[in-house]
Amino acid sequence: MLIATFNVNGITSRLPALLQWLEEKQPDVACLQELKAPQEKFPEAALKEIGYHAIWHGQKSWNGVAILTRGEAAQEIGRGLPGDPADEQSRYIEAAVNGVMVCCLYLPNGNPAPGPKFDYKLQWFERLILRAAELLESGAPVVLAGDFNVMPTELDVYKPERWVNDALFRPETREAFHRLVAQGWCDALRTMHPDERIYTFWDYFRDAYGRNAGLRIDHLLLSPALAGSLRAAGVDREVRGREKPSDHAPTWIKLDLGR
DNA sequence: ATGTCTAAAGCATTTAGA
């Protein structure tokens, strides 16, 4: 089972790039973030034409998440991260796909830090940690996939000293991520490639992709029930070098579920 | 501080978010 996460940075403007990648890669599951489209503007028909079902949670202008599945339709479990009924940002959706619980998330960026946006990021993180604990307790095979907006360690940043005060790399942010993983999650990319510099995002500014000035901020975390099934993990970095790309590249894992 | 890209408001260009 091939599961990918891809922050598309606007599904309307990136649709050709998304369709091309899906047709090449044929992931069984693709978690998308930053749709930047209202619910009714999601390109459901274009995706169906190439064989993908979709469930999505849109929002005008910003945010938005989706889970695409090839063949079997995903069975939606819920949308919106529990813990704050007043939170109206579309950043979380979860579904059961072929016996696997797939949680697609778009954690807040949090800049500028400190400030209210950073506070929101940390609060959102705490809610995610609570939901993740519930999921672990259930014992189910779960994957948390998405744009976490966190570089977990210095190995995940091209120039760590430049990022120490950024919301994506501040101690509070890294501490929250490590606390989440310490619940028992397996960081799939890092587990398969312990010492490698792997990036999933390159800024549009100053030819960051050309200079390989990247960040690893898109992650797939596996529950213990799934960790033993992990066979491969990687980043389709060439997608970032194409016409009108997202600033993120698709990030994927291969699981052997023995079926 | 800079840099790039996109959508929205509203119909040219500015603004905000990342």
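The shown structure was predicted, so the numbers you read here are calculated from the model rather than taken from an experiment.
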Using the [atom1] atom on both, measure [N] against [M] and round to a whole Å.
N: B:dT2; M: B:dT15; atom1: P; answer: 15 Å
N: B:dA8; M: B:dG3; atom1: P; answer: 26 Å
N: B:dA12; M: B:dG17; atom1: P; answer: 25 Å
N: B:dG10; M: B:dC5; atom1: P; answer: 26 Å

- Item | Boundaries of the chain A footprint along DNA chain B (any atom under 4.0 Å from a heavy atom) | B:dT2 to B:dA18
- Message: With side chain to side chain donor-acceptor pair (under 3.5 Å) as the test, pick out the partner of A:Thr200 among A:Asp218, A:Asn7, A:Thr5.
- Response: A:Asp218
- Message: Please compare A:Asp147 and A:Lys60 by the position of their nearest nucleotide in DNA chain B and report the one closer to 5'.
- Response: A:Lys60
- Query: Hey, which of these two, A:Lys41 or A:Asn111, hits DNA chain B nearer its 5' end, going by closest nucleotide?
  - Reply: A:Lys41
Only distances under 3.5 Å count here; give the side-chain donor-acceptor pairs of residues 148-155 of chain A to other protein atoms, sequence neighbours excluded, each with its distance to 0.1 Å.
{"unit_1": "A:Asn149", "atom_1": "ND2", "unit_2": "A:Leu107", "atom_2": "O", "d": "2.8"}
{"unit_1": "A:Thr153", "atom_1": "OG1", "unit_2": "A:Leu155", "atom_2": "N", "d": "3.2"}
{"unit_1": "A:Thr153", "atom_1": "OG1", "unit_2": "A:Asp156", "atom_2": "OD2", "d": "3.0"}

- Would A:Trp62 and A:Tyr120 show up in the same hydrophobic cluster when neighbours are defined by side-chain heavy atoms closer than 4.5 Å? no
- Only one of A:Leu19, A:Leu35, A:Leu15 passes side-chain contact (heavy atoms from CB on, under 4.5 Å) with A:Pro43; say which it is. A:Leu15
- Do we see a donor-acceptor contact under 3.5 Å between the side chains of A:Asn9 and A:Lys36? yes
- Note on the structure: Hits for salt bridge (charged side-chain N to carboxylate O under 4.0 Å, His left out) against A:Asp87, two or more places apart or cross-chain, chain-then-number order -> A:Arg127
Identify each donor-acceptor pair in which a side-chain atom of residues 44-57 of chain A lies under 3.5 Å from a protein atom, sequence neighbours left out, and give them as a table.
{"unit_1": "A:Tyr52", "atom_1": "OH", "unit_2": "A:Pro27", "atom_2": "O", "d": "2.7"}
{"unit_1": "A:His53", "atom_1": "NE2", "unit_2": "A:Gly71", "atom_2": "O", "d": "2.6"}
{"unit_1": "A:Trp56", "atom_1": "NE1", "unit_2": "A:Gln39", "atom_2": "O", "d": "2.9"}

- Query: Quick one, which residues of residues 199-213 of chain A touch DNA chain B with a heavy atom under 4.0 Å?
  - Reply: A:Tyr204, A:Phe205, A:Arg206
Donor-acceptor contacts under 3.5 Å from residues 134-141 of chain A side chains, at least two apart:
{"unit_1": "A:Glu134", "atom_1": "OE1", "unit_2": "A:Arg131", "atom_2": "NH1", "d": "2.5"}
{"unit_1": "A:Ser138", "atom_1": "OG", "unit_2": "A:Leu135", "atom_2": "O", "d": "2.6"}
{"unit_1": "A:Ser138", "atom_1": "OG", "unit_2": "A:Ala140", "atom_2": "N", "d": "3.2"}

